[in-house]
Amino acid sequence: MILYALLLLCLLLFFPETALAGSRYGATLWLTQLLPTLLPFFIAIQLFRDCLPGVASRRLFLLTGLLCGYPAGAALVMNQYEQRLLERRQAYFFLGFVNNPSPMFVIAFCGITLLGLSVPEAFSLFVLLVLSSFLGSLMFLGILHGTKRLAGFYPAYTAPSASSATKATGSSLSFSARMDRIILDSFVLLTKIGGYVILFSIFGQFIGQILDTGSLSSLLCSGAMEITSGVSYLPEAILSTDTKKVLMVMILSFGGLSAAAQTGSILTKSELSILPYILNKGINSLVAGLLSLIWFL
C-alpha cells in the first residue's frame with residue numbers, strides 16, 4: 001500500500017499536468033457515463049430485492065448484468081450471494097461471466113466508432129466477449145475446484161438464515177424511507193467507484209505519456225489499467241484491422257484493473273476475494289484471444 005501511495009504522490013508532484021489530465025478524464029467518465037448509467041440501475045436492483053425478491057433471486061436474473069456494464073454484474077451477483085442463493089464458487093463463476101462491458105459500449109463505441117466496423121462485425125465482438133467469458137469462467141471453476149490453494153476460497157453452502165431472509169425481503173420501513181436508504185447506499189457505492197476510476201485514469205494517462213500510444217506495449221498496458229483509454233489507442237496502432245479486433249476483445253474481456261477495483265468495492269462487505277476474480281478475468285482474456293484468432297485470422 002505504501003508503494004502505491006508513494007507512486008501516486010510522485011505523479012501528482014512531478015507530473016502535475018499529466019495527473020490533472022488523467023483526473024479530469026476519469027471524473028468526466030464517471031460523471032457522464034457511470035453515474036447516469038449505474039445509479040438508476042443500482043436503485044432498480046435494490047427495489048427488486050426489497051419489493052420483488054422472487055424475481056431478483058432467480059439465477060436467470062443475473063444475465064441482465066451482461067446488458068449493463070461494469071460493475072453492475074457484480075452488484076447482481078452480490079445481491080444473490082448475500083441471500084445465500086449462490087455458493088461461493090458459483091458467485092466467482094458469475095462474477096467472471098456477467099460482469100463485463102455493456103453491449104452498447106462494445107458495439108457502438110469500440111466496434112463502430114473506434115474500429116469503423118459494420119454493425120454485424122461489431123456485434124461479433126460482443127458475441128466473442130460473452131462466449132469467452134462463459135468458457136473462461138468454466139475453466140476457472142475447474143482450476144478453483146482442482147487446486148488445493150484456491151479451494152479455500154469457497155466453503156460449504158449454507159442455507160439462508162431467518163435474519164438474511166428478513167433483510168432480503170425488506171422491513172416495515174415506509175416507501176419514502178426505503179427509497180432514501182436505497183438512494184444513499186447507491187450514491188456511496190458510486191462515489192467509491194468514481195474514486196477508483198479517477199485514480200486508475202491518472203496511471204493510464206501516465207502510461208500514455210511515457211509509451212508510444214500506437215505501440216503494442218502501450219495498448220496492453222493501457223488496456224490492463226483502464227479499458228476505455230486502452231481501446232481508444234487502437235485506431236492509432238499500425239496493425240491490421242483483424243489484429244485490432246483480437247486485441248480489442250482481449251482488452252474488453254479482461255476489463256482492466258480499474259474495473260477490478262470497482263468490482264472490489266462491490267465485494268468489500270462480503271467474504272469474496274478480488275484475487276480469484278482477477279485470475280478469472282485473466283483466463284477469460286486468454287480464451288478471448290484464442291477464439292478471436294480463430295474467428296478473425
Side-chain angles (χ1 to χ4, degrees), residues 23 25-86 91 94-105 160 163-201 226-228 255-274 277:
S23 181
Y25 172 79
T28 301
L29 177 65
W30 179 79
L31 184 62
T32 62
Q33 299 294 328
L34 297 180
L35 182 62
T37 302
L38 294 180
L39 180 60
F41 179 82
F42 286 159
I43 292 174
I45 291 301
Q46 291 290 347
L47 282 174
F48 265 107
R49 180 179 177 178
D50 284 5
C51 303
L52 297 172
V55 176
S57 63
R58 293 182 182 274
R59 196 70 54 82
L60 191 64
F61 188 65
L62 296 176
L63 297 182
T64 59
L66 293 170
L67 307 177
C68 303
Y70 291 114
L76 290 171
V77 175
M78 279 306 305
N79 279 336
Q80 292 201 7
Y81 181 72
E82 287 175 351
Q83 299 176 62
R84 293 293 187 260
L85 300 174
L86 296 173
F94 282 106
L95 281 174
F97 176 33
V98 305
N99 196 42
N100 278 308
S102 69
M104 286 300 295
F105 177 82
S163 59
S164 64
T166 302
K167 179 181 178 182
T169 56
S171 60
S172 59
L173 293 174
S174 65
F175 179 78
S176 59
R178 186 180 301 177
M179 285 298 299
D180 288 345
R181 173 179 56 82
I182 289 174
I183 292 173
L184 180 60
D185 291 345
S186 299
F187 261 108
V188 170
L189 180 57
L190 276 168
T191 301
K192 292 194 296 182
I193 290 172
Y196 285 118
V197 169
I198 291 174
L199 288 177
F200 280 94
S201 295
E226 208 280 318
I227 56 173
T228 307
L257 295 179
S258 176
Q262 296 170 43
T263 301
S265 68
I266 302 286
L267 306 181
T268 300
K269 297 181 179 180
S270 75
E271 301 170 344
L272 299 178
S273 170
I274 191 62
Y277 169 79

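Fair warning: this is a prediction, and the values are worked out from it, not measured in the lab.
Atom OG1 in T228 sits 5.0 Å away from atom CG in L29 (nearest 0.5 Å). With rounding to the nearest 0.5 Å, the separation of CD1 in I193 from CD1 in I198 is 12.5 Å. The line from CG of D185 to CG of L190 is 11.0 Å long, rounded to the nearest 0.5 Å.
The shortest side-chain heavy-atom distance between E226 and Y25 falls under the 4.5 Å cut-off. Residues Y277 and I274 meet the side-chain proximity criterion, which asks for heavy atoms closer than 4.5 Å.
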Side-chain donor/acceptor pairs under 3.5 Å, residues 38-47, sequence neighbours excluded:
none

Which donor-acceptor pairs under 3.5 Å do side chains of residues 57-78 form with protein atoms, sequence neighbours excluded?
residue: S57; atom: OG; partner: P53; partner atom: O; Å: 2.7
residue: S57; atom: OG; partner: G54; partner atom: O; Å: 3.2
residue: R59; atom: NH2; partner: L85; partner atom: O; Å: 3.4
residue: T64; atom: OG1; partner: F61; partner atom: O; Å: 2.7

Which donor-acceptor pairs under 3.5 Å do side chains of residues 255-266 form with protein atoms, sequence neighbours excluded?
residue: S258; atom: OG; partner: Q262; partner atom: NE2; Å: 3.3
residue: Q262; atom: NE2; partner: S258; partner atom: O; Å: 3.4
residue: T263; atom: OG1; partner: N99; partner atom: ND2; Å: 2.9
residue: T263; atom: OG1; partner: A259; partner atom: O; Å: 2.9
residue: S265; atom: OG; partner: Q262; partner atom: O; Å: 2.4

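In terms of heavy-atom proximity, G26 sits nearest to S201 at CA-OG, 3.4 Å. Among all heavy-atom pairs drawn from Q80 and A56, the shortest one is NE2-O, 3.0 Å.
Under the 3.5 Å distance criterion, the side-chain polar atoms of W30 are left unmatched by any main-chain donor or acceptor of T191.
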